[in-house]
Amino acid sequence: MPETTQDSRSGRYDQNVRERPGWLVPIAVLTITAVLGAVMLVYYLAPNPVSLIEEHSSPSAEAGLVHLTIGGLSMTVPANYLPYASERRGGARREVTLYASLPNFQGYSKASAAEFAGNGPASALIYLLIREGREDVPESALLRRIYLGDVIDPRGRPGPFGLTAYRFRDDSGYRGEDMFVGRIAGRDVVMRCLRPGKEAISPTCFRNLRLAQGVVLSYRFKLSHLSEWREIARGAGRLIASFTTQR
């Protein structure tokens, strides 16, 4: 067998190098850069695994006070009005959920555990959400500027319990809802309620209003308690006022 010389081996190596396409190296560099970039994005931008898990209600019968701040509003809330353990730690929050039982707006207790666990059509629970928001539009303006443009008859019709009733069009963003409007102390109370049906076997009513500068209050209750709308509106206002402290 002929001896392979250093020169011949070097020649074959040089030939192989010359035969490799010149674009392979740039492609390899771009591929590695893209992979590293993706890894860094996942590391820095992907949500924390804990944030992907929805927090579930964990009621507490403890009545110790929890200090909370939402926007410019400071509140001191008994722990048994806060369904989520994370909110019972207090501090600055973007939003806070409270719940209570009608008609007396009582917080959770061991004796009322079954009532607070229920979500049937006759449930006596009211949920209140306090959150940061820029909705400074009064309910009357919200009614005129937005809602009345999406109902079948802007004149409404006499509804139950001293309310004026409106039916939203099926082609509106409020399909499947009715609106009920009442007045307390000369101010509109505007409530949207799910229309009972196959898709709403336990329908609720919802009201949204300005609570303070940059802070919004929303509350919801079962449609079966619509007859108590005045007591609910007044009671919700008194409850929040009792927890609120000026900064």
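These values consider heavy atoms only, across backbone and side chains, with no hydrogens, waters or symmetry-generated copies.
Rounded to the nearest 0.5 Å, atoms CD1 (Ile152) and CZ (Arg157) are 9.5 Å apart. Leu129 CG to Tyr99 OH: the interatomic distance, rounded to the nearest 0.5 Å, is 15.0 Å. Expressed to the nearest 0.5 Å, how far CG of Leu68 lies from OG1 of Thr76 amounts to 8.0 Å. Remark: Ile201 CD1 to Leu194 CG distance equals 12.0 Å, nearest 0.5 Å. If you take CD on Glu55 and OG on Ser86, they are separated by 3.5 Å, rounding to the nearest 0.5 Å.
Between the side chain of Ser202 and the backbone N or O of Asn119 there is at least one donor-acceptor pair closer than 3.5 Å. Judged by distance alone, the side chain of Ser123 and the main-chain N or O of Gly120 form no donor-acceptor pair under 3.5 Å. Put simply, the side chain of Arg88 gets close to the backbone of Leu82: a donor and an acceptor are under 3.5 Å apart. The closest donor-acceptor contact from the side chain of Ser101 to the backbone of Leu125 lies at 3.5 Å or more, if one exists at all. No donor-acceptor distance shorter than 3.5 angstrom exists from the side chain of His225 to the backbone of Thr204, with no hydrogens or angles considered. At least one donor-acceptor pair under 3.5 Å links the side chain of Asp153 to the backbone N or O of Arg155. A donor-acceptor pair is defined here as one N or O able to donate and one able to accept, closer than 3.5 Å; no such pair exists between the side chain of Lys222 and the backbone of Cys205. Between the side chain of Ser112 and the backbone N or O of Glu115, no donor-acceptor pair lies under 3.5 Å. Using a distance-only test at 3.5 Å, with no hydrogens or angles considered, no donor-acceptor pair links the side chain of Arg93 to the main chain of Val96. Between the side chain of Arg195 and the backbone N or O of Glu177, at least one donor-acceptor pair lies under 3.5 Å.
Between Met179 and Leu148 the shortest side-chain heavy-atom distance falls below 4.5 Å. Contact of the Ile130 side chain with the Leu98 side chain is registered, since non-hydrogen atoms from C-beta on lie closer than 4.5 Å. Side-chain contact between Arg210 and Val216 is absent, with no heavy-atom pair separated by less than 4.5 Å. Considering only heavy atoms from C-beta on, Tyr166 comes within 4.5 Å of Val181 through its side chain. In this structure, Ile70 and Met75 have side chains that are in contact, with non-hydrogen atoms separated by less than 4.5 Å. Annotation: side chain of Val66 is not in contact with side chain of Pro78 (no heavy-atom distance under 4.5 Å). In this structure, Leu226 and Met191 have side chains that are in contact, with non-hydrogen atoms separated by less than 4.5 Å. Using a 4.5 Å heavy-atom cutoff, the side chains of Thr97 and Leu128 are not in contact.
Phe180 and Pro160 make their closest contact through CE2-CD, 3.9 Å (heavy atoms, listed as atom of the first residue, atom of the second, distance). Ala122 and Ser224 get closest at one heavy-atom pair: CA-OG, 3.6 Å. The minimum heavy-atom distance linking Glu231 with Ser227 is given by the pair OE1-O, 4.2 Å. Here the shortest heavy-atom pairing between Trp229 and Gly182 reads CH2-CA, 3.7 Å. Val215 and Gly72 get closest at one heavy-atom pair: CG2-N, 4.1 Å. Scanning all heavy atoms of the two residues, the minimum distance from Arg230 to Gly162 falls at NH2-CA, 4.2 Å.
Side chain to side chain, Arg192 and Tyr147 meet the donor-acceptor criterion of an N or O pair below 3.5 Å. Asn80 and Ser60 form no side-chain donor-acceptor contact under 3.5 Å, judged by distance and modelled atom types alone.
Residue Arg169 qualifies as enclosed at atom CZ: its count of foreign heavy atoms under 6.0 Å is above 12.
Aromatic ring centres of Tyr219 and Phe206: separated by at least 6.0 Å.
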Evaluate the criterion side chain to side chain contact (heavy atoms under 4.5 Å, CB included) for residue pair His67 and Ser74; output intermediate values, then yes/no. CA-CA 7 Å; His67 301 284; Ser74 293; over 6 Å; no
Note to self: Checking Phe105 against Ile126 for the side chain to side chain contact (heavy atoms under 4.5 Å, CB included) test, could you report, in this order, the C-alpha distance in whole Å, the side-chain angles of both residues, the deciding distance, and whether it holds?
What the structure shows: CA-CA 8 Å; Phe105 287 83; Ile126 177 171; 3.8 Å; yes
Discussion item. Is there a salt bridge (Lys or Arg N to Asp or Glu O under 4.0 Å) between Glu139 and Arg207? Walk through the geometry before answering.
Written reply: CA-CA 9 Å; Glu139 286 181 273; Arg207 184 187 179 199; 2.6 Å; yes
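Classified by interplanar angle (parallel below 30°, tilted 30° to 60°, perpendicular above 60°), the ring pair Tyr81/Phe243 is perpendicular. Taking the six-membered ring for Trp and thresholds of 30 and 60 degrees, Phe116 and Tyr108 have ring planes more than 60 degrees apart, a perpendicular arrangement.
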